[in-house]
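Presented below is the structure to which this report refers.
Bear in mind that the values here come from a model prediction, so they are computed numbers and not experimental data. We name chains A, B, ... by the order of the sequence lines, and we start the count at 1 in each one. Only this structure's heavy atoms are used, side chains among them; waters, hydrogens and symmetry mates stay out.
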Amino acid sequence: MPELPDVEGFRRALMSCGGRRCVTDIEVRDNGVLRGGVTEERLRGQLKGKRLGKAWRHGKWLFVPTVDGPTLVCHFGMTGSLRCCALDEPIAAHDRIVLTLDDTRTLRYRDQRKLQGVQLADKNAVDRLLEGLGPDAAGVQRTEFRELLSARRGAIKSALMDQSVIAGLGNLLCDEILWRARIHPRTPARDLSEADLRHLHTAMGRVLDTAVRTGRVPPRRSWLTGRRDDSEPVCPRCGTLLCSSRVAGRRTAWCPQCQS
DNA sequence: ATAAAGTCCTGAAAGC
DNA sequence: TGCTTTCAGGACTTTA
């Protein structure tokens, strides 16, 4: 689930319920989600009593700074989420970390598979993390977009998925964007025309706009994403049976009619 | 049992 | 030839 729009949704959830509040307790229920060498003790020691600042996002990473303390850094892998819960809401099976805020509510890092997790970072560690990432997909302008992609010889889908090129796009979003721009996912990026790249950039902007507002890639029937899990998925635009195979190591759906 | 929206690592091929 | 870029595949993990 968690691609850029989902993480933006988590950020908003956090700010609406946890913004500017004090961490009054921390419970690590499964230390399998602790990353970057953080231990439960260090997490408690460095977060307890701290006030949360304004959370921000870059790509699929969420950064939650504390006032006069380290930044809590979250990545959600494929199944993670962040949710704000009442104190008395029963603990779910996959609530891995529970932060109590102002003794009045809890912020929970929930994750079924523990592919990623949370860590603490100082300014330098945050900078190092960002160094490995391209610009956030939601803010890439057309010229920069073209510069980032036009020289790459690999498949356009691989390039879009590569977080060091553009940060935030995942498997579903990439397929959705390529479908909208009518570009085959295996097309070598450098073979794309100026017009192709323009269409791709426009499609990315529109898809992200809608998805960020929704807080996820919307499962609409008019979108490719809303069809890909059908038993006989067809293109929402032309009705052709969709193709499906692996590109860039991931399950990829496209329309053989629209995306030549 | 297979596959899944995430990333990281390795080894090897491709390209300059 | 040698360096860089890119890809495939496996690993991580849990459950439908």
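- Nearest to the side-chain atoms of R190(A) among the listed nucleotides dC7(C), dC16(B), dG6(B) stands dC16(B).
- Rounding to whole angstrom units, CZ of residue R35(A) and C1' of dC8(B) are separated by 11 Å.
- Put simply, H94(A) has no side-chain N or O that comes within less than 4.0 Å of OP1 or OP2 on dT13(C).
- The existence of a salt bridge linking D68(A) and K50(A) is excluded, since no basic side-chain nitrogen approaches an acidic carboxylate oxygen closer than 4.0 Å.
- Side-chain proximity of Q112(A) to the nucleotides dA5(B), dT14(C), dT7(B) is greatest for dT14(C).
- Screening residues 118-127 of chain A for side-chain hydrogen bond (donor to acceptor under 3.5 Å, both in side chains), with sequence neighbours left out, gives K123(A)-D127(A).
- In this structure, D111(A) does not pair ionically with R96(A), as no charged nitrogen and carboxylate oxygen lie closer than 4.0 Å.
- R113(A) has no side-chain polar atom (N or O) that falls below the 4.0 Å cut-off from OP1 or OP2 of dG6(B).
- A heavy atom closer than 4.0 Å to some atom of DNA chain B occurs in G170(A), N171(A), these being the qualifying members of residues 164-171 of chain A.
- A159(A) comes within contact range of no nucleotide atom at all, as no heavy-atom separation falls under 4.0 Å.
- Between S158(A) and dT6(C) there is no side-chain N or O to OP1 or OP2 distance below 4.0 Å.
- Nearest nucleotide to the side chain of K60(A), out of dT14(C), dA4(B), dG6(B): dG6(B).
- Residues S245(A) and R186(A) have side chains that bring a donor and an acceptor to within less than 3.5 angstrom of each other.
- Of the candidate nucleotides dA5(B), dT13(C), dC16(B), dT13(C) has the atom lying nearest to any side-chain atom of K114(A).
- For the OP1/OP2 pair of dT7(B) and a distance below 4.0 Å, the side-chain nitrogens and oxygens of Q163(A) include at least one atom meeting the criterion.
- Using a 4.0 Å cut-off between charged side-chain N and carboxylate O, E144(A) and R146(A) make no salt bridge.
- As a whole-Å value, the separation of L160(A) CG from dT6(C) P is 13 Å.
- Nucleotide dT13(C) forms no Watson-Crick or G-U wobble pair with any nucleotide shown, as no partner meets the under 3.5 Å limit on both distances.
- Within the nucleic acid shown, R153(A) comes within 4.0 Å of at least one base atom, counting heavy atoms only.
- Listed for the T100(A) side chain is no donor-acceptor partner under 3.5 Å among the backbone atoms of D103(A).
- In terms of phosphate contacts, R250(A) brings no side-chain nitrogen or oxygen within less than 4.0 Å of OP1 or OP2 of dA3(B).
- The CG atom of L148(A) sits 14 Å away from the P atom of dT5(C) (whole-angstrom rounding).
- Within the 4.5 Å cutoff, no side-chain heavy atoms of R190(A) are placed close to those of R152(A).
- Spacing between atom CD of Q119(A) and atom P of dT7(B) amounts to 14 Å, rounded to whole angstrom units.
- Using a 4.0 Å cut-off between a side-chain N of Lys or Arg and a carboxylate O of Asp or Glu, K157(A) and D162(A) do not qualify as a salt bridge.
- Taking atom CG on L115(A) and atom C1' on dG10(C), their separation rounds to 14 Å, with Å as the unit.
- Among dA5(B), dT7(B), dC7(C), the nucleotide with an atom closest to any side-chain atom of M78(A) is dA5(B).
- One can place CG of D162(A) at 14 Å from C1' of dG6(B), the figure rounded to the nearest angstrom.
- A straight line from CG of L149(A) to C1' of dT5(C) spans 15 Å, rounded to a whole angstrom.
- Here the C1' atom of nucleotide dC12(C) and the CG atom of D111(A) are 12 Å apart, to the nearest Å.
- Where R246(A) and H75(A) each meet DNA chain B at their nearest nucleotide, the meeting point lying more 5' is that of R246(A).
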